[in-house]
*Asks:* 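The structure's right below; bear with me while I get my questions together.
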Amino acid sequence: MVMGPLLLVFLLGVGLIPPTLAQGYQEFLSKHHDANPKGRNDRYCETMMRIRGLTSPCKDTNTFVHGSDSNIKAICEDTNGEPYGIGLRRSKSAFQVTTCRHKGGSPRPPCRYRATKAYRVIVIACRNGFPVHLDETFIP
């Protein structure tokens with residue numbers, strides 16, 4: 001009789017854990033992921049930075065990774081990632097990226113950005129198998 005309610009509480013608790021663990025992942029995707037960019041020029045950066053809420057104040061630099069979220073998540077596993085430094089993972093494959101750099105001036109909107117396109121290896125921090133922080137990118 002006692003096992004029934006305890007089992008129910010345990011199963012309900014397990015059902016609540018994934019959204020909590022994935023919260024940092026959703027934030028990562030919001031800041032750094034754009035699978036299918038429409039152009040990759042200065043206008044792209046200005047639009048994406050504004051849409052993603054990174055312009056109040058104007059963020060100095062932000063990189064958007066263009067690839068499937070499953071390929072990015074695979075960096076947290078051996079499928080597409082390997083240990084790098086302390087607590088970081090480096091992608092085994094290069095990703096198409098767009099780095100947006102604030103042109104300077106006022107840190108208040110409207111923010112103006114310069115776009116740089118490249119193919120780069122990315123370094124991320126993972127928590128519980130999910131990317132939560134983009135640390136750096138570099139040419140392989």
*Asks:* Between Lys31 and His133, is there a donor-acceptor pair closer than 3.5 Å when you use the side chain of the first and the backbone of the second?
*Replies:* no
*Asks:* Would you find more than 12 non-hydrogen atoms of other residues, nucleotides or ligands less than 6.0 Å from Lys117 atom NZ?
*Replies:* no
*Asks:* Look only at the side chain of Arg127 and the backbone of Val132, and say whether a donor-acceptor pair between them is shorter than 3.5 Å.
*Replies:* no
*Asks:* Is any side-chain heavy atom of Asp42 closer than 4.5 Å to one of Lys103?
*Replies:* yes
*Asks:* Following the transitive rule for hydrophobic clusters with a side-chain heavy-atom cut-off under 4.5 Å over Ile, Leu, Val, Met, Phe, Trp and Tyr, establish whether Ile124 and Val97 coincide in one cluster.
*Replies:*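 Both belong to a single hydrophobic cluster.
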*Asks:* Could you give the distance from SG (Cys58) to CE (Met49), rounded to the nearest 0.5 Å?
*Replies:*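 With rounding to 0.5 Å, SG (Cys58) is 8.0 Å from CE (Met49).
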*Asks:* Which distance, rounded to the nearest 0.5 Å, do you find between the CD of Glu27 and the CZ of Phe130?
*Replies:*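 Spacing of CD (Glu27) from CZ (Phe130) equals 14.5 Å.
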*Asks:* So, does Glu46 use its side chain to make a donor-acceptor pair with the main chain of Arg112 at under 3.5 Å?
*Replies:*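 A pair under 3.5 Å: no.
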*Asks:* Are any of the side-chain heavy atoms of Asn62 and His102 separated by less than 4.5 Å?
*Replies:*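 Sidechains of His102 and Asn62: no contact.
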*Asks:* With rounding to the nearest 0.5 Å, note down the distance linking CG in Asp60 to SG in Cys100.
*Replies:*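 Separation between the atoms: 12.5 Å.
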*Asks:* Taking the six-membered ring of Tyr44 (Phe, Tyr or Trp), confirm whether the NZ or CZ of Lys38 is under 6.0 Å from its centre and within 45° of its axis.
*Replies:* no
*Asks:* Please find the pair of heavy atoms, one from Arg89 and one from Ile75, that lie closest to each other, and give the distance.
*Replies:*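 Distance-wise, the nearest heavy atoms are NE-O, 3.0 Å.
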*Asks:* Would a hydrophobic clustering, with Ile, Leu, Val, Met, Phe, Trp and Tyr connected at side-chain separations under 4.5 Å, put Phe64 with Leu134?
*Replies:* no
*Asks:* Check step by step if side chain to side chain contact (heavy atoms under 4.5 Å, CB included) holds for Asn80 and Ser93.
*Replies:* CA-CA 7 Å; Asn80 190 28; Ser93 60; 3.1 Å; yes
*Asks:* Once rounded to the nearest 0.5 Å, what's the spacing between atom NE2 of His66 and atom CD1 of Ile72?
*Replies:*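 So the gap between those two atoms works out to 9.5 Å.
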*Asks:* Check the side chains of Asp135 and Tyr84 for a donor-acceptor pair under 3.5 angstrom, ignoring hydrogens and angles.
*Replies:* no
*Asks:* Following the transitive rule for hydrophobic clusters with a side-chain heavy-atom cut-off under 4.5 Å over Ile, Leu, Val, Met, Phe, Trp and Tyr, establish whether Ile122 and Leu29 coincide in one cluster.
*Replies:*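 Same hydrophobic cluster.
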*Asks:* Minimum heavy-atom separation for Asn71 and Phe95, please, with both atom names.
*Replies:* O-CZ, 3.8 Å
*Asks:* Where do Lys92 and Asp78 come nearest, in terms of heavy atoms and distance?
*Replies:*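 Closest pair (atom of Lys92, atom of Asp78, distance): NZ-O, 2.6 Å.
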*Asks:* Quick one: closest heavy-atom pair of Gly129 and Cys76, and the distance?
*Replies:* O-CB, 3.6 Å
*Asks:* Name the one of Thr116, Thr98, Asp34 that satisfies side-chain hydrogen bond (donor to acceptor under 3.5 Å, both in side chains) with Arg40?
*Replies:*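 Looking at Thr116, Thr98, Asp34, the match for Arg40 under the side-chain hydrogen bond (donor to acceptor under 3.5 Å, both in side chains) is Thr98.
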*Asks:* If I take atom CD1 from residue Ile86 and atom CG from residue Leu88, how far apart are they, to the nearest 0.5 angstrom?
*Replies:*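 Ile86 atom CD1 to Leu88 atom CG measures 8.5 Å (nearest 0.5 Å).
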*Asks:* Say whether, by atom type as modelled, one donor and one acceptor occur between the side chain of Arg101 and the main chain of Thr61 under 3.5 angstrom.
*Replies:* no
*Asks:* Roughly how far apart are Arg50 CZ and Thr55 OG1, rounded to 0.5 Å?
*Replies:*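 So the gap between those two atoms works out to 7.5 Å.
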*Asks:* Could you tell me whether a side-chain N or O of His33 sits under 3.5 Å from a main-chain N or O of Gly67, the two making a donor and an acceptor?
*Replies:* yes
*Asks:* Just by modelled atom types, is the Thr99 backbone N or O under 3.5 Å from a matching donor or acceptor in the Arg114 side chain?
*Replies:* no
*Asks:* Would you please classify the geometry between the Phe28 ring and the Tyr25 ring as parallel, tilted or perpendicular, with 30° and 60° separating the classes?
*Replies:*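 Rings of Tyr25 and Phe28: parallel, under 30°.
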